[in-house]
Amino acid sequence: MDKLYSPTTAKMIMNKYGFRISKSLGQNFLTDRNIVDIIIRGAGIEEGDLVIEVGPGMGVLTAAAAEKARRVIGIEIDENLIPILRETLKEYDNVRIIQGDFLKMDLGELIREAKEEAGEAEKGNRESFTGVKIIGNLPYYITSPIIMKVLEEYAYGVLGIQSLTVMIQKEVADRIRAVPGTKAYGALSVAVQYYCVVETVTVVSKEVFIPKPKVDSAVLRLSMREEPPVKLLDPAVFFAVVKAGFGQRRKTLLNSLTGLKGMDKQQIQSLLERAGIDPGRRAETLDLQEFAAIANLVGTGS
Ligand code: SAM
């Protein structure tokens, strides 16, 4: 398996299969054993885990995950990679590769099936795997949709999904982990931090990929919170407030929120005052609690 980590062999495999790299599918293959190990260690994969991988590519992470986990499911959109994966992963009988679009996958169904295959299909038994972990060197053109799909559909213990450990563009990682009052802080930071505790596993130079991307990457571990960090009357209203606030991030809250749920300036002014927030502030200065305070007042129609 070590051979796969060498750029020369990766190129040989591509030649053998007449495989052409697709830029539009965000294909940047990882060719560094150290980084693979760091990602797998960062994901905290345990022996009894089910791992779901987004975009296995030629199988470097998949193989390393298969050595640690009980079961690995890889979802790869590019049908030209399937025969390659069949070869590179042939020694692992705990890997299933599915050809398809991760964004269209019903992860719930996949996880339930995996539990059944594991022979432990008793109804309601979420413990048949010690945990479910998602990993991936994500295709950069759909980084946020992939992360948000998992968080919106499977947060707070649904189906036992515990974490996503993902390699993404460093700039997106900076936005995800940003704190209030910084330039990088925005709707993505609030959304991910609402669902997860964010940790940086490592920063990765662009030199370790074929082809070399334009920018460096970072690996983040997003661990699902067991419960929401703030109490919300209606999460949809919370996200509407966040979206409106950052939609016009240079404006004051008074201006950026006016129009939300049909509320006029005066109503927003009084609502912000009731929430104890200066209407002259901007969304980028608010923390989760402050967004929640506003949302919960909007939610009551005040
Ligand atoms: N995991 C491999 C590695 O680290 O070398 C490949 C990573 S590459 C950055 C991203 C992979 O995601 C590619 O194999 C690409 O074909 C696949 N991909 C792109 N869009 C996808 C989608 N919507 N669903 C599933 N896989 C996708």
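Indexing begins at 1, ligand by ligand and atom by atom, following the structure's order. Residues: numbered from 1 along the sequence shown.
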Q: For E152 and Y195, does a side-chain donor sit closer than 3.5 Å to a side-chain acceptor?
A: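 No - no donor-acceptor pair under 3.5 Å links their side chains.
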Q: Could you name the protein residues that come within less than 4.0 Å of ligand 1, counting only heavy atoms, and order them by chain and residue number?
A: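 Correct list: L25, G26, Q27, N28, F29, L30, E53, G55, P56, G57, V60, I75, E76, I77, D78, L81, G100, D101, F102, N137, L138, P139, Y141, I142.
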Q: Using a distance-only test with no angle check, is there a side-chain donor-acceptor pair under 3.5 angstrom linking Q27 and D78?
A: yes
Q: Quick one, N296 with K231, criterion side-chain hydrogen bond (donor to acceptor under 3.5 Å, both in side chains). Give me CA distance, side-chain angles, the key distance, then yes/no.
A: CA-CA 9 Å; N296 286 343; K231 280 212 161 57; over 6 Å; no
Q: Salt-bridge test for E87 and K16: reply yes if a basic N is under 4.0 Å from a carboxylate O, no otherwise.
A: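 Salt bridge present between E87 and K16.
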Q: One thing to verify: whether E199 and R177 come together as a salt bridge, which I'm taking to mean a side-chain N less than 4.0 angstrom from a carboxylate O.
A: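 Not counted as a salt bridge, because no side-chain N and carboxylate O are separated by less than 4.0 Å.
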Q: Tell me whether R112 is salt-bridged to E116, with the criterion being a basic N under 4.0 Å from an acidic carboxylate O.
A: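 Between E116 and R112 there is no salt bridge, as every charged N stays at least 4.0 Å from the carboxylate O atoms.
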